[in-house]
Amino acid sequence: MYGIEMVKGLLVTLKNFSKKPVTIQYPEQRVSQHPRFRGEEFSWYEERCTGCASCAKYCPLGIIEIVTDPSDTAVKQGDKYKLEKFDIQLFRCMFCGLCVEACPYDALFMGSGFEEGKYTRNDMIITIDDLRNSPKNPSTWYRPQLEAKNYDPRSGQQLSWKEVGRESWNWHKTEKAGMRITPDPKQD
Amino acid sequence: MLLKDLHGDTVANRLSEIDPEWVEKSDFMNVWIKPESLIDVCKFLMSDKDLVMDYLNAITAVDFIDHFDVIYQLTSTVTRKRIVVRSSLYGREELSIDSVTSLWSGANLQEREIWDLMGITFLGHPNMKRLLLWEGFEGHPLRKDFL
Amino acid sequence: MSIRTEPMTINIGPQHPSTHGVFRLRVTFDGEDIIEAEPILGYLHRGTEKLAEERNYVQIVTLTDRLDYTASMTNNQAYCLAVEKLLEVEAPLRAKYLRTMTAELQRIASHLIAVGFFLQELGTFGGTPLMYAFRARERILDMFEMLCGARITLSYMRPGGVFWDPPSEFWSSLDEFLKEFPSDLAEMEDLLLNNEILMVRTREVSPLSAEEAINNSVSGPVLRASGVKMDLRVMDPYDAYSMVDFDVPIGSIGDNYDRFWVRMQEVRQSLRIIEQCVDQIEPGDYRLDLPKVLRAPEGTESYGKVEAPKGELGFYLFSDGGISPYRMKIRSPSLINLSVIDRLLVGWKLADMIVSLGSIDINMGEVDR
Amino acid sequence: MICVLEGFYQTNIIYRTIHGSLSGLMPCWSATIVTGIMFSLFLVNIFLVSTALMTWGERRLLGRFQTRVGPNRWGPFGLLQPIADLISLLFKENLIPRGSDKILFIVVPILIMMPVIMVLGVIPLAPGVALADLNVGVLYILAITSVSSLGIFIAGWSSNNRFAIFGAVRGVAVLISYEVPVVISLLGIVIISGSMSLLDIVEAQAIPFLMVQPMGLLVFFIGSSAEMNRTPFDIAEAESEIIAGFHTEFSGIKFAIIQAAEYGAMIVTSAIIAIVFLGGWSGPLPEYLGWFWILIKVLVCVFVFTWVRATLPRLRIDQIMAFCWKGLLPMSLINLLAVVIETFILKGPNGQLSVADLWIMCVINTIITVCTVIVLNKLISNKVDPLRSGSKILSQRELLLDGQGD
């Protein structure tokens, strides 16, 4: 009968009228953010980074700029290059996370924040100093070792570079970084 | 029944039976036909009882530097078969091929897009204008010599 | 005596509340009646096909996210299938199930948006059904965030599988979703599926006959609404679709109501597929051990296609042996479905124009690429 | 000389008080003018405050219907939101589109606002508490509300925008068509109560006219929601089709005034419904709480309007016209006919209807309403049959077998 379905629709809205709103009042309330969230504030662990620039090569937009210095003490130690520049142009970043996927030494992690609005583009470039000083709340995206520990990036605790790696922190004592073959992550 | 890919050679043989002039060459997947005979071939493919290619999936063009391939992917909603018909256009300037808009109206926007990005004119198209780029844009971006 | 009238041309868009993005439609009206309509595209053209020629096979996955941004998962799937065909590899079984599941979740999300906006364009103020649709979609997006850390631009799949296994909490929230979503859907159906106003607005408006639909190469729900029995998930099963059982809704005359109805029914079928996948999925590899930088043999080509929420989404790839494809062509369903728009609109009224446009469910990211 | 007008206002208690206290301070004519200005200010301010609250209330209500929250940032429960909106709109640039008729463009908001305020003047909130108790109140309301169609048309015409023209033409068409059933539905009330004065109509309601004339209320509700451009009849400003219809080009304070007029129209319509159909200030509580009852009734009406708006989609222009002329007009005529016959038969020797008569009419009219709705349903039911023969849900197997037959 004409009108019955309309009344049915009206009843649906009335039922929803009595329900609690599903929206979240953002600054006060927050939705639960999953550990794999690909956010800003890249967590970078200088101790692990060899300056291989895999991330820069793998970035689809080419927004990572790495300048390394092969001279000085770095060569003598035989471990890695000294990084002079590690710029991430965050304003062009699309947070696909391929740089993290490319990193063979677990040195670069996605961050977990999303509230880094800035007023100028130059502020949006993450420099090596920013990376060094930024809070280390890495996301567990493409990092199974963190997921295995049930790590929650939003809990606020910072992780040191020893804690985030999938091997013990002194792996470099027994083998040289360049010779090391990353085991397939799925075997973990 | 499931969609079935027809072997290119089978189609080529079938086409050669009708008119040996049509087919240029074929491989396991594609049939290359002569650009002049495109409309005739398409009409035959549409009307032949074993094929009835009434659905045009997509038209693509590929720039191979010395020639362009225009690729027609056809499906039949009746016999559930699929073939790929290609046509090579040699040279780089003033390329043209017959439009299949009269057979499949779905080709309309796709042919305009190919003209826009690849620079192949489709003769007999009702509205051969640029689709994605603006009028007055110079060059055809998907060509390998663009940038 | 007849009234002397003068046709009036209006540009609907590129800034208009219901053109689904920056889409422009030049329409000539005689009073309220449409006598001519021409779509004008290109406001969101980003040259994805050209960009793909400069990137390696894995990097392109992130480009495909941005095509149909309401259904990134199926875009990824179509692209990855094309690359796998090119490399002649096949994803592991678990990856296939994961892909099927996530693609169906994405189909639900995309159809919810389509239906929500369709009803919004019918004029429900403030989009009450749209809000209900978004409420349900939000849960799917939450699950995607658990899965891959993003909600819209997912990049979940990789050539040769998916990038990672879902976390354990994904499965529990999926179970919860499967349990609670049917009632949400029933609520939406109660709200408007049989509503009389909706009926008189959409029934027998802008019909598209089966012959015309086939001739215009439309695909997906629009094609099925016209009564053409065509579904790539059944006809040409990819991933795990051959291992699940589901039904395909077929419309009758292809009017706006049929297109809406087909989408609503497909959501239910998607739920069935997901349920079966959850039952059938078994532990195993989720990704092939492929090199990070893929190289396809020289001269090979492939055409990978899926039944995306909007229609047949295909990727044509041609490799010259390098690390990036020599040519990538995207067969985007939205663009080709759009070629039928002038047929649908001419002779109908201004109000029907918006609804017909909504019933095709275009997405400008995919139309302009 | 102006004091000649005294007699007209003498019945009004507020006017008498203010004028009496002022006339001791200044000459009679200036006291009349000052009182008039005070009255106008009072009226306009009541109107503006209530519309401001209305915008907040409607947004909150719509929010809850959509399981959202609605504006809740500014002040307690977001109550100061209208003020924030107003400040924001006040400081917008005063844009007048090129090629528009500038004078008409500026006049439009006033033209749209004016009738709403003028109608508010005759609405009684309690016995004697009306700014003007006209003995032709119903006629006045119907006459004045039609003026807004002029405003809508000038808005569309002057803004030199084709969407606005669409909205204007649609709006005027709807307003003119729906005026007819609305007038006829109110005629029934006038016949029963035997007066056009709103005060008399309220007093005539021994039982609310909602029960005596259910069909009249139905027609009036639908018709007035069409006149106010509210869903499902909001084609004049259909936001998904023609942006904002006739007020597409209006921004800043002009937009604010047009919006205020729209929300004000809703309050005024709700008040009319409350007075004419729901018994005005009569209720179980003592008489001095009449304002409370009328407020409750108005709020209920506003809630129902918002509820309908949140649920139903919009009709197309031809369907709206067809619904008016083929659906509402017959309904209102049947209602009028029934009322006329019943009144003719039941009327006592003094020309009055007793309470028993009203109850008899209530029963008869309810039956007539149900019958009319069912008959109208039968006439249009073939269009809305939810079952469809061609559509089907095929299983995979059926889909695969399909091709083999050919």
Side-chain angles (χ1 to χ4, degrees), chain B residues 1-5 27 29-30 46 52-65 68-69 71 73-78 80 82 84 86 100-114 116-118 127 129-135 137 140-144 146-147, chain C residues 38-47 49-50 52-54 210-219 223 228-232 234-237 242 299-303 305 312-318 320 326-333 335-343 367-369:
Chain B
M1 70 190 109
L2 297 173
L3 287 176
K4 189 181 151 205
D5 280 317
D27 66 6
M29 197 168 153
N30 311 297
M46 256 186 125
V52 206
M53 293 296 158
D54 51 357
Y55 188 89
L56 174 73
N57 282 54
I59 309 179
T60 316
V62 187
D63 180 3
F64 288 106
I65 313 292
F68 285 74
D69 264 12
I71 304 170
Q73 282 160 336
L74 302 171
T75 308
S76 168
T77 55
V78 182
R80 306 272 163 88
R82 245 187 344 221
V84 183
R86 305 169 69 130
V100 292
T101 332
S102 51
L103 300 173
W104 298 287
S105 346
N108 189 328
L109 291 181
Q110 303 184 54
E111 283 180 351
R112 277 176 70 187
E113 188 196 337
I114 290 171
D116 190 357
L117 302 177
M118 276 290 190
N127 186 18
K129 287 194 301 189
R130 283 189 180 273
L131 180 72
L132 299 174
L133 302 167
W134 56 96
E135 289 296 322
F137 186 88
H140 301 282
L142 274 186
R143 288 190 171 197
K144 287 286 169 187
F146 184 91
L147 289 185
Chain C
E38 188 197 356
I40 297 167
L41 317 171
Y43 294 92
L44 204 60
H45 180 57
R46 294 154 298 183
E49 291 173 10
K50 188 78 176 173
E53 290 170 13
E54 305 290 324
E211 293 77 34
E212 231 175 355
I214 291 172
N215 195 257
N216 277 293
S217 310
V218 301
S219 51
L223 183 66
V228 183
K229 294 158 190 147
M230 189 75 164
D231 190 330
L232 288 178
V234 182
M235 305 292 176
D236 191 11
S242 54
T300 50
E301 59 185 346
S302 72
Y303 179 70
K305 61 192 173 312
E312 177 190 339
L313 174 66
F315 280 82
Y316 170 83
L317 292 171
F318 184 87
D320 64 344
Y326 183 76
R327 167 90 168 98
M328 181 173 95
K329 149 87 185 176
I330 303 155
R331 188 255 190 235
S332 65
L335 174 74
I336 297 170
N337 288 357
L338 201 58
S339 63
V340 85
I341 190 82
D342 47 346
R343 267 151 232 265
V367 171
D368 291 343
R369 305 197 293 296

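Lettering of chains follows the sequences in order, A, B, ..., and the numbering in each one begins at 1.
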[X] versus chain C, the contacting section by heavy-atom distance below 4.5 Å:
X: Leu133(B); answer: side chain
X: Asn30(B); answer: side chain
X: Lys129(B); answer: side chain
X: Arg130(B); answer: neither
X: Leu103(B); answer: backbone
X: Met118(B); answer: side chain
X: Thr75(B); answer: side chain
X: Leu117(B); answer: side chain

Please report the shortest heavy-atom distance between [X] and [Y], naming the atom on each side.
X: Leu132(B); Y: Val367(C); answer: CD2-O, 4.2 Å
X: Gly106(B); Y: Ser217(C); answer: CA-OG, 3.7 Å
X: Tyr55(B); Y: Val218(C); answer: OH-O, 2.8 Å
X: Arg327(C); Y: Ala61(B); answer: NE-O, 2.6 Å
X: Thr77(B); Y: Ile214(C); answer: OG1-CD1, 3.5 Å
X: Tyr316(C); Y: Arg86(B); answer: OH-NH1, 3.8 Å

So Phe64(B) and Tyr326(C), would you call those rings parallel, tilted or perpendicular, with 30° and 60° as cut-offs?
parallel
Flag side-chain contact, heavy atom, 4.5 Å: Lys329(C) against Gln73(B)
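Side chain of Lys329(C) against side chain of Gln73(B), heavy atoms only: no contact under 4.5 Å found.
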Would you call Glu38(C) and Asn127(B) a side-chain contact if the rule is heavy atoms closer than 4.5 Å?
yes
Counting heavy-atom pairs under 4.5 Å with chain B, which one of Arg331(C), Arg369(C), Glu53(C) comes out on top?
Arg331(C)
Choice from Glu301(C), Arg343(C), Met230(C) maximising heavy atom contacts with chain B below 4.5 Å
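Among the listed options, the one with the most contacts to chain B is Glu301(C).
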Checking the side chain of Ser105(B) only, and the main-chain atoms of Asn216(C) only, is there a donor and an acceptor separated by less than 3.5 Å?
no
Are there over 12 heavy-atom neighbours, none belonging to Lys144(B), within less than 6.0 Å of that residue's NZ?
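Yes.
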Please walk me through it: do Asp236(C) and Arg82(B) pass side-chain contact (heavy atoms from CB on, under 4.5 Å)?
CA-CA 11 Å; Asp236(C) 191 11; Arg82(B) 245 187 344 221; 3.1 Å; yes
Interface moiety of Ile341(C) toward chain B, non-hydrogen atoms closer than 4.5 Å
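It is neither, since no heavy atom gets under 4.5 Å.
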Considering only heavy atoms and a distance below 4.5 Å, find which of Leu56(B), Asn108(B), Leu142(B) pairs most often with chain C.
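When all of Leu56(B), Asn108(B), Leu142(B) are compared, Leu142(B) has the most.
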